[in-house]
Structures are given as C-alpha cells and as structure tokens.
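Step one of this worksheet: look at the structure below.
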Amino acid sequence: MEIDPPLRQAYKDLLMHKKKNQPALPAEIVDECELPLIDLRPLILAGGSAEEREKCKTEMARASEEWGFFQVVNHGVSPEILDRMRREQVKAFKQPFDRKKEEDDKFSAGTYRWGTPTATCLNQLAWSEAFHIPMTDVVSSSSFDDVNVSCSSAIEQFATTVADLAQKLAGILAEKYLGRKSTFFQDNCAPSTCYLRMNRYPPCPMPPAAAVFGLMPHTDSDFLTILYQDDQVGGLQLVKDGKCFAVKPNPQALIVNIGDLFQAWSNGVYKSVEHRVVTNPHVERFSTAYFFCPSYDTEIESRCEPSIYRKFSFKEYRQQVQEDVGKLGRKVGLSRFTVNAIYS
Ligand SMILES: O=C(O)CCC(=O)C(=O)O
Ligand SMILES: [Fe+2]
C-alpha cells in the first residue's frame with residue numbers, strides 16, 4: 001500500500017505546464033546558524049530569582065526583534081510527551097494514502113493536505129503532507145479515534161502543554177513591548193482558537209536544480225508558532241538580514257517564531273520573518289507546529305503613533321490571505337495592511 005501522496009505525479013503535471021524559458025532559481029548559499037538559545041528554567045520552574053527571570057524575558061524580546069526566531073530549552077514539555085507525540089505522528093502518516101484522504105471526510109474539512117492544491121508552477125509545489133487540526137478537534141479527540149486511541153491522547157497532551165507555553169511566552173513578549181502586563185492574549189487567544197499542524201516531508205528524488213521546496217517560503221499568519229522539529233533531519237531555513245540560514249536541529253529545544261499578527265500588534269518591533277523547508281533526497285522529516293491565534297473577530301492594532309499597520313480583524317486577514325493565494329498563487333501578507341498600502 002502506498003503511503004506517500006502522489007507528489008511525483010503533481011510534479012510531472014506541473015512540468016508540462018512549465019512556461020518556456022522559465023528561469024531556474026539561482027542556487028543560494030546557505031549558512032548554518034545557531035538560533036538564539038534561551039533557557040526558560042527561571043520562568044517555568046520555581047526557584048529562579050527576579051533578576052534571572054527578567055534576563056530571560058529580555059533575551060526573548062531581543063531575539064524576537066533581531067531574528068523573529070529563537071529556541072527554548074527547559075520549556076516544560078517533557079521528553080516523554082514529545083516522544084509520544086512524534087511516535088503517534090509517524091503512525092498517522094504511515095497509513096496508506098487513501099486512508100489519510102479519508103480522515104478528511106470524517107473530520108473537519110481540510111484536515112489532511114498534501115502538495116499545494118493551488119500550485120500553478122513548479123516552484124509552488126510543496127513536497128510535503130500535513131494534518132491540519134483545529135484545537136477544538138484536538139480536545140474533543142474525535143480525530144484518530146478509530147485508527148488508534150493513544151494517538152489522540154498523545155496529540156492532546158502535547159497540544160495542551162504547548163498551548164500553555166505559547167500563552168506564557170506571548171504574555172511575556174507583550175509585557176516587554178508594552179512595559180506593563182496585558183491580558184490581551186488571555187482575552188483573545190484561547191486554545192480553542194489555535195491549531196496544530198503535523199508535517200511530513202517525504203524524501204524528494206528531484207535534483208536540486210528542480211528547486212522543489214518541502215514548504216514554500218512563507219511567514220506564519222498567527223501571533224506566534226511553537227515548532228517541534230525533527231531532532232535529526234534539518235531542513236528549516238530562515239531569512240535574516242537578506243541572507244538565508246539553515247537551522248541546526250537541537251533535540252532538547254523547541255523553536256518559537258513570531259507571526260504576522262505579533263509584528264502588526266507590536267508595530268513592527270517583533271519580526272515575522274520568512275522561512276521555508278528544503279527537501280532531503282534520502283530521508284523523510286517530521287515536524288509539528290502549534291499556531292497561537294486569536295478568535296476571528298479579534299482586532300489587531302498596535303495603539304502606537306505613528307502606526308505602520310491599519311487596524312484589521314483576524315478574520316479579514318485570513319480572508320485576504322486566502323484570496324491572494326487563490327488569485328496570485330501566493331500570500332501577500334502584512335504589506336496589504338500598512339496604512340499606506342499600495343495594494344487595492
Ligand atoms: O517543518 C518545519 O520545520 C517548519 C514548518 C512551518 O514553517 C509551518 O508549518 O508553518
Ligand atoms: Fe511556518
């Protein structure tokens with residue numbers, strides 16, 4: 001039974017439509033980087049001094065301004081929770097492709113995704129598959145029940161623990177930006193408005209010149225993302241100061257990255273940076289992302305003068321992203337929402 005989605009066929013179909021003389025993407029030089037590594041021990045475990053806690057918060061805010069990305073250790077998500085989550089994730093993906101497609105029918109629409117349904121040219125094809133699960137479905141445990149009961153409980157345990165961490169980190173970053181505590185995230189980002197995505201990147205046999213990505217360059221459309229990436233297989237790359245860097249896997253760490261909404265809310269102080277996943281010719285790769293999002297009607301504004309972005313609701317943002325992806329084949333993102341937006 002075939003477990004991989006028909007990515008080769010999607011590739012061939014797109015190849016047929018390849019425009020003549022479509023320029024090949026230039027090969028980029030990518031350096032490996034160590035993301036800022038922040039030890040959350042003083043914040044998560046009791047016993048840290050006020051000074052240690054403050055230092056930790058300051059490091060987080062600085063990394064969010066300079067990199068838009070950082071890694072955390074001693075984050076409170078135990079190795080057992082991470083291991084169980086990954087084992088069950090692997091199991092879910094090892095089902096036959098036809099079975100995975102069916103998950104979609106008995107679950108919220110759009111749960112299982114592969115490739116890029118909207119791709120019109122080769123370099124829009126994502127060489128990956130994903131289960132995209134709203135937290136409302138995670139906690140009601142409806143998803144994989146008849147496949148494997150322990151799968152849903154492993155996912156639920158992971159998701160609820162990471163949800164707590166996301167709420168804590170967002171609160172700290174808000175406090176550092178505003179200079180005072182804020183209940184904005186408690187009021188607007190309940191776990192029920194967030195979602196989880198399990199990704200699998202099958203080995204990709206295409207030559208590097210084909211420039212097929214595991215996941216297209218993108219920014220995340222949320223406040224922040226907590227990413228549990230593969231502890232062995234790298235592939236995540238991010239842009240810093242116009243250069244591309246490969247993130248080295250660190251088995252103890254979770255990765256945190258700032259999304260578009262936090263960039264707008266902080267008036268551009270915290271950066272939502274472009275990132276992507278490159279394919280690997282020989283081995284598969286897994287990752288799990290928790291997207292910390294507000295309810296649809298939440299208004300995003302910086303309350304800062306002069307404000308770079310106009311006020312917008314999360315619903316408006318999501319709709320605009322979907323419209324752009326449908327029409328243009330790509331997300332335009334925050335540049336549509338600047339006070340002087342040139343897009344109509
Ligand atoms: O797989 C990864 O390392 C990154 C995933 C990601 O960027 C996403 O799901 O938005
Ligand atoms: Fe992402």
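All values below were derived from every heavy atom in this structure, side-chain atoms included, with hydrogens, water molecules and symmetry-related copies excluded. Indexing begins at 1, ligand by ligand and atom by atom, following the structure's order.
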Q) What do you reckon, are the aromatic ring centroids of F292 and F185 less than 6.0 Å apart? A)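 Ring centroids of F292 and F185 are less than 6.0 Å from each other.
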Q.
Is the distance from the ring center of Y309 to that of F337 below 6.0 Å?
A.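 No - the distance between ring centres of Y309 and F337 does not fall below the 6.0 Å cut-off.
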Q: Sort and list the pairs that fulfil salt bridge (charged side-chain N to carboxylate O under 4.0 Å, His left out) and have at least one residue in residues 260-282, not counting sequence neighbours.
A: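 For residues 260-282, and leaving out neighbouring residues, the salt bridge (charged side-chain N to carboxylate O under 4.0 Å, His left out) pairs sorted by first residue read E28-R276, D260-K331.
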Close side-chain approach of [X] to [Y], heavy-atom, < 4.5 Å:
X	Y	result
P36	Q71	no
F69	V273	yes
T298	F184	yes

Q. Going by an N to O cut-off under 4.0 Å, is there a salt bridge joining E54 and K176?
A.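 Looking at K176 together with E54, the answer is yes, because their closest N to O distance falls below 4.0 Å.
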**Q.** Check: D220/T225 side-chain N/O donor and acceptor closer than 3.5 Å
**A.**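 Distance-only check passes for D220 and T225.
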Q | Protein N/O/S atoms closer than 2.8 Å to the Fe ion (ligand 2) | A |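 Those protein N, O or S atoms (cut-off: under 2.8 Å from the Fe ion (ligand 2)) are H218 NE2, D220 OD1, H275 NE2.
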Dump all N/O pairs between ligand 1 and the protein below 3.5 Å as a table: atom names plus distance, one pair per row.
unit_1	atom_1	unit_2	atom_2	d
ligand 1	1 (O)	Y201	OH	2.7
ligand 1	1 (O)	R285	NH1	3.0
ligand 1	1 (O)	S287	OG	2.6
ligand 1	3 (O)	R285	NH1	3.2
ligand 1	3 (O)	R285	NH2	2.8
ligand 1	7 (O)	H218	NE2	3.2
ligand 1	7 (O)	H275	NE2	3.1
ligand 1	9 (O)	R197	NH2	2.7
ligand 1	9 (O)	N199	ND2	3.4
ligand 1	10 (O)	R197	NH2	3.1
ligand 1	10 (O)	H218	NE2	3.1
ligand 1	10 (O)	D220	OD1	3.3

Q.
Tell me which pairs pass side-chain hydrogen bond (donor to acceptor under 3.5 Å, both in side chains) where either residue lies in residues 157-169, with sequence neighbours left out.
A.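 For residues 157-169, and leaving out neighbouring residues, the side-chain hydrogen bond (donor to acceptor under 3.5 Å, both in side chains) pairs sorted by first residue read R84-Q157.
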